[in-house]
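Positions are given from 1 along the sequence. What you are looking at is a predicted structure, and each value in this text was computed from that prediction instead of being measured.
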Amino acid sequence: MTTFAILTAAGSGTRLGRDLPKALVDLGGLPLVLHAARRLAASGTVDGLVVTCPPGLTDAVQDVVGRDDLVDLPVRVVDGGTTRQASVAAGLRHVPADTAVVLVH
């Protein structure tokens, strides 16, 4: 059974009072998106990650998550939407068709 997680990281970060998207906000020396990706990878139950991020930041988020030694999973970073629902829908379009379980963070 294949399990993929959609990590929605397309928020603007305005509620955090920052000038950058929440995915890239630093917490304890690491961007928030990396904390979440590491936990999902460490769970042992996820076979791959689809990360949705603000449009135009896919390369930056891919650099953070896709090249981390502790995220030992296939990672695909895609543009999210203007709402959480739109971001989840964007992520679902990139989950492999044979996936049995999709987790949404």
So does [X] have more than 12 non-hydrogen atoms from other groups sitting under 6.0 Å from [atom1]?
X: D59; atom1: CG; value: no
X: D98; atom1: CG; value: yes
X: H94; atom1: NE2; value: yes

**OP:** Scan D26, V64, V25 and name whichever one has a side chain to side chain contact (heavy atoms under 4.5 Å, CB included) with L32.
**Re:** V25

Do you know the tightest heavy-atom contact between [X] and [Y]?
X: L7; Y: A37; result: CD2-N, 3.9 Å
X: C53; Y: V77; result: SG-CG1, 3.7 Å
X: P54; Y: D79; result: O-OD1, 4.0 Å

Subject >> Members besides V104 in its Ile/Leu/Val/Met/Phe/Trp/Tyr cluster (side-chain heavy atoms under 4.5 Å) >> reply: F4, I6, V50, V78, V88, L92, V95, V102

Subject >> Verdict with reasoning, V71 to V65, per side-chain contact (heavy atoms from CB on, under 4.5 Å) >> reply: CA-CA 7 Å; V71 181; V65 179; 4.2 Å; yes

**OP:** Evaluate the criterion side-chain contact (heavy atoms from CB on, under 4.5 Å) for residue pair L24 and V61; output intermediate values, then yes/no.
**Re:** CA-CA 8 Å; L24 299 176; V61 174; 4.2 Å; yes

Subject >> For R76, all residues meeting salt bridge (charged side-chain N to carboxylate O under 4.0 Å, His left out), sequence neighbours excluded >> reply: none

Subject >> Short side-chain to backbone donor-acceptor contact, S87 and G81, under 3.5 Å >> reply: yes

Original post:
What residues form a side-chain hydrogen bond (donor to acceptor under 3.5 Å, both in side chains) with R84, not counting sequence neighbours?
Top reply: T8

